[in-house]
Trainee: 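Input: one structure, supplied below.
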2 protein chains.
Amino acid sequence: MGRVRLADVAAYAGVSMKTVSNVVHDYPHVKPEMRQRVQEAIDALGYRPNVTARRLATGRTGMVALAVPEIDHPYFSELSRRIAEHAASRGYRVLMEQTLSEPGAERAVLRDREEGLVDGVIFHPVSTTQSELARLSRDVPVVLLGEAAIPLTVDHVMIDNVAAAREATEHLLSLGARRPVFLAAVEGDVTVSTDRRLEGFQDALQAAGVRLPSSHVLTASDFSPQASSEAVNRALDAGLDFDAILCRDDQFAVGALSALHARGISVPDEIALVGWDDTALSRFAYPAITSVSPDKAALATSALDLLLERIGGFHGPGRHVITPHTLAIRESAPAVTEAARPL
Amino acid sequence: MGRVRLADVAAYAGVSMKTVSNVVHDYPHVKPEMRQRVQEAIDALGYRPNVTARRLATGRTGMVALAVPEIDHPYFSELSRRIAEHAASRGYRVLMEQTLSEPGAERAVLRDREEGLVDGVIFHPVSTTQSELARLSRDVPVVLLGEAAIPLTVDHVMIDNVAAAREATEHLLSLGARRPVFLAAVEGDVTVSTDRRLEGFQDALQAAGVRLPSSHVLTASDFSPQASSEAVNRALDAGLDFDAILCRDDQFAVGALSALHARGISVPDEIALVGWDDTALSRFAYPAITSVSPDKAALATSALDLLLERIGGFHGPGRHVITPHTLAIRESAPAVTEAARPL
DNA sequence: CCGCAACGTTACAGCGCTGTAAAAGTGGTG
DNA sequence: CACCACTTTTACAGCGCTGTAACGTTGCGG
């Protein structure tokens, strides 16, 4: 237990508290012999600094909050890990928060900062409006993640969704796909990310001179793989003719894959499939699913570094960083080996 | 920002700091009119209590640490979510830590407590020895998770691994399996959980009068799905004759499934498959994988409740709680519909 | 051998809140 | 109306640490 206090060490070593503090903090101007004497006292007494007292004295917590919709969603848990690891290397710790996309919980995120729990917040908003975000993040170090409507005044990190969708679609076309569908929209969904990805999808089709009816955008009832399966089955039952699917995320991709498997449709031979987020879900599926892969490490480091700058006192206008993405090519939409083969 | 202090509110309302504090804490003996006056001051000034100062004054942090090997492993992230949600309902927050199974990181876990960062620790140890665990958790509120060698003096929550493995194996046998393998051991692994699960596997076989050579325990080179695939392929290449696989976890199960898929072996018709942990990996696979399902909510609530009792001052001997588990029956080893059909 | 830097160390006032103990108010009784 | 038993409010001393400012100490040039 935190029984031993700085004062105890000071008394034991016969020096002032401040000197002990200086030793603890590796302050340079301490004579080696003094440093050693104090260190011995620290070791002898088993002293551990009390973080809370330090925080109160310095006003800094050494913690940042990471607020995401669901902490056990593969994308977020993988991203969290990256952020936590990068934070550790910068001497920070991460407090994870789950908002479940609820407005109340999202609003509460910034309260942690106000209450001095953390020095800043990395936040993936879903339901908070742009203007509310702008208002709430006044004077609070915040970095936003994701593709919701983000106010220009707030720092923001994301990948180029339009380009990523375009590239994924081009990849499908290069495989010989001519009638791809976008499994994307969710009924009642208002997220901007879907729009951006759809835009890239259509850009690629247009550039390739492919013209498709709007029926080639599939809609699921919610964000679950089951809903995705149903959407694919509905399309198939309705006789929709398609040879590739670009999914808005990996959960949709595994759902689509199930539906295709169940019908005995070969992936990628009959229908090629691309997911999004490059999570464990796509890596471990069979066949392994090609997936748009945001550079999670870059996302993590960019977001944290921007945040730490804000915490450090930076007061400039919102920075908007685009981090790299790639297409993680796997079996569900493999690399073109020979000439584009017709599907 | 935390500009407004308790003293400011007190001055504004013309009362003492303590009265404001009492209002903030809903202390009962405050006259309604006084409460209202203070509340108005709080609202007018936008006062938010400073958590750090409160912590220093009370000595309690309202946070518990959850230390697991990998925060983005589906099992741990799903468990974390449960724990975080239960903690929230009890007024606590969870600080997540990743040990990567490294002894140093595992040892550091208890330091957080010593430094006053958290009030207690829920810890899933891997590489820390039993005696070290016993020593390190003296006088520190700790609850252990998992199946490592746990000292009897420390609180511990887990499922009955032997029984779970036995039931899973019985389920495979009920499906008609006669030559199941256990995909379990990892070279150089010393974890006890594998042993327990293997024990249950063998118990079930013995009870059913099935006698198998030791070659029916498959060994992978590490914990990845790839290693699992390779192990299955090796067994198949070696001509090992088996009709069911019990995997030590879901990652192994998805790896095994890939290998079987790739060879055109039907699951469950030719080989039935059972995973372990009931994570997103098994739920979203195709076919969906039957998996031993620890009651994660029960695990979470038991562990946290035990911990909160310790934090509350309980000093009794170690409690050892077994939480329920079920077998989440899915397509890879479905329920028996008719009489047991031979595979 | 004095004066002045730069170095080393110390004393002490907070950081913002809560627990304690005591003071002040309230009302019921005899 | 004095007294007692509560209830309500207050003053103030910490919680354990760090920042500041000030106070020694050295070492070195003149």
Side-chain angles (χ1 to χ4, degrees), chain A residues 1-39 41-42 45-63 91 111-119, chain B residues 1-39 41-42 45-63 91 111-119:
Chain A
M1 321 284 266
R3 285 254 55 82
V4 183
R5 298 173 331 276
L6 197 56
D8 301 324
V9 179
Y12 185 96
V15 299
S16 75
M17 280 168 50
K18 192 68 225 270
T19 296
V20 179
S21 172
N22 286 154
V23 170
V24 169
H25 288 282
D26 274 326
Y27 178 73
H29 301 301
V30 178
K31 277 198 181 151
E33 62 169 63
M34 171 93 332
R35 182 183 302 281
Q36 190 192 335
R37 177 146 63 103
V38 172
Q39 188 58 54
I42 290 175
L45 268 40
Y47 169 71
R48 316 245 114 236
N50 178 315
V51 182
T52 304
R54 173 135 81 213
R55 288 178 177 177
L56 183 58
T58 61
R60 304 184 64 271
T61 68
M63 297 218 304
R111 284 250 266 273
D112 281 355
R113 174 66 230 305
E114 290 171 345
E115 296 185 348
L117 233 192
V118 297
D119 296 332
Chain B
M1 321 285 265
R3 286 255 53 83
V4 184
R5 297 174 331 277
L6 198 56
D8 300 325
V9 179
Y12 185 96
V15 299
S16 75
M17 279 167 52
K18 192 65 222 268
T19 297
V20 179
S21 173
N22 286 155
V23 171
V24 169
H25 289 282
D26 274 326
Y27 178 74
H29 301 302
V30 177
K31 280 199 180 151
E33 63 169 63
M34 170 94 331
R35 183 183 302 281
Q36 189 191 335
R37 176 147 63 103
V38 172
Q39 189 58 56
I42 289 175
L45 267 39
Y47 170 71
R48 314 246 113 234
N50 177 315
V51 181
T52 304
R54 174 136 77 212
R55 287 178 177 178
L56 183 58
T58 61
R60 303 183 63 271
T61 67
M63 296 216 304
R111 284 249 266 274
D112 281 354
R113 174 66 231 306
E114 291 170 343
E115 297 184 348
L117 233 192
V118 297
D119 296 333

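Naming: A, B, ... by sequence-line order, numbering from 1 per chain.
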Trainee: Name the closest nucleotide to the B:L56 side chain, picking from C:dG16, D:dT9, D:dC17.
Mentor: C:dG16

Trainee: Consider the side chain of B:T19, meaning its heavy atoms from C-beta on, and name the nucleotide among C:dT9, D:dT10, D:dC17 that approaches it most closely.
Mentor: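 Nearest listed nucleotide: D:dT10.
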
Trainee: Which part of the nucleic acid, if any, lies within contact of B:K18, taking any heavy atom under 4.0 Å across all strands shown: a base, the sugar-phosphate backbone alone, or nothing?
Mentor: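 Result for B:K18 = base.
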
Trainee: Expressed as a whole number of angstroms, how long is the span from B:H25:NE2 to D:dT9:P?
Mentor: 16 Å

Trainee: Do you know the tightest heavy-atom contact between A:V20 and A:V38?
Mentor: CA-CG1, 3.9 Å

Trainee: Give a yes/no answer on whether the side chain of A:T58 brings an N or O atom under 4.0 Å of OP1 or OP2 in D:dT18.
Mentor: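 Answer is no, no contact under 4.0 Å.
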
Trainee: Rounded to whole Å, how long is the line connecting atom CG of A:D8 with atom C1' of D:dC15?
Mentor: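 Roughly 13 Å, once rounded to whole Å.
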
Trainee: What nucleotide, of D:dG14, D:dT18, D:dT10, holds the atom closest to the side chain of A:R54?
Mentor: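 Of the options given, the side chain of A:R54 lies nearest D:dT18.
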
Trainee: Decide yes or no for A:L117 and B:R55: does some side-chain heavy atom of the first lie under 4.5 Å from some side-chain heavy atom of the second?
Mentor: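 The answer is yes, as the side chains (C-beta and beyond) meet within the 4.5 Å cut-off.
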
Trainee: For the pair made of OH in B:Y27 and C1' in C:dT20, what is the distance, rounded to whole Å?
Mentor: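 In whole Å, C:dT20 C1' lies 11 Å from B:Y27 OH.
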
Trainee: Can you tell me the distance, in whole Å, between the CG atom of B:L6 and the P atom of C:dC15?
Mentor: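 The answer, rounded to whole Å, is 13 Å.
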
Trainee: In whole Å, what is the span from the CD atom of B:E33 to the C1' atom of C:dG25?
Mentor: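 Going from CD in B:E33 over to C1' in C:dG25 covers 12 Å.
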
Trainee: The side chain of B:P49 is closest to which nucleotide in this list: C:dA11, D:dG16, C:dC17?
Mentor: C:dC17

Trainee: Measure from the side-chain heavy atoms of A:K31 and tell me the nearest of D:dA11, C:dG8, C:dT10.
Mentor: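 Side chain of A:K31 sits closest to C:dG8.
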
Trainee: Assign A:M17 to base, sugar-phosphate, or nothing according to its heavy-atom contacts below 4.0 angstrom with the strands shown.
Mentor: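 A:M17: base contact, heavy atoms under 4.0 Å.
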
Trainee: At their closest point, which heavy atom of A:A13 faces which heavy atom of A:A41, and how far apart are they?
Mentor: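 Where A:A13 meets A:A41 most closely, the heavy atoms are CB-CB, 3.8 Å.
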
Trainee: Could you tell me how far apart A:R55 (CZ) and D:dC17 (P) are, to the nearest whole angstrom?
Mentor: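 About 14 Å, once rounded to whole Å.
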
Trainee: Please determine, for the side chain of B:N50, which listed nucleotide (D:dC17, C:dT18, C:dG16) has the closest atom?
Mentor: C:dG16

Trainee: Of B:A57 and B:S16, whose nearest nucleotide on DNA chain D comes first from the 5' end?
Mentor: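 Nearer the 5' end of the strand: B:S16.
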
Trainee: From CE of B:M34 over to C1' of D:dT10, roughly how many Å is that when rounded to an integer?
Mentor: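 Rounded to the whole Å, the gap is 12 Å.
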
Trainee: What pair of heavy atoms forms the shortest contact from A:Y47 to A:R5, and how long is it?
Mentor: CE1-C, 3.6 Å

Trainee: Nearest whole angstrom, please: distance from the C1' of C:dC15 to the CZ of B:R3.
Mentor: 12 Å

Trainee: With side chains defined as the heavy atoms from C-beta onward, is the minimum distance between A:R35 and A:P32 less than 4.5 Å?
Mentor: no

Trainee: By nearest atom, which of the nucleotides C:dT18, C:dG16, D:dT8 is closest to the B:H29 side chain?
Mentor: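 Nearest to the side-chain atoms of B:H29, counting from C-beta on, is D:dT8.
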
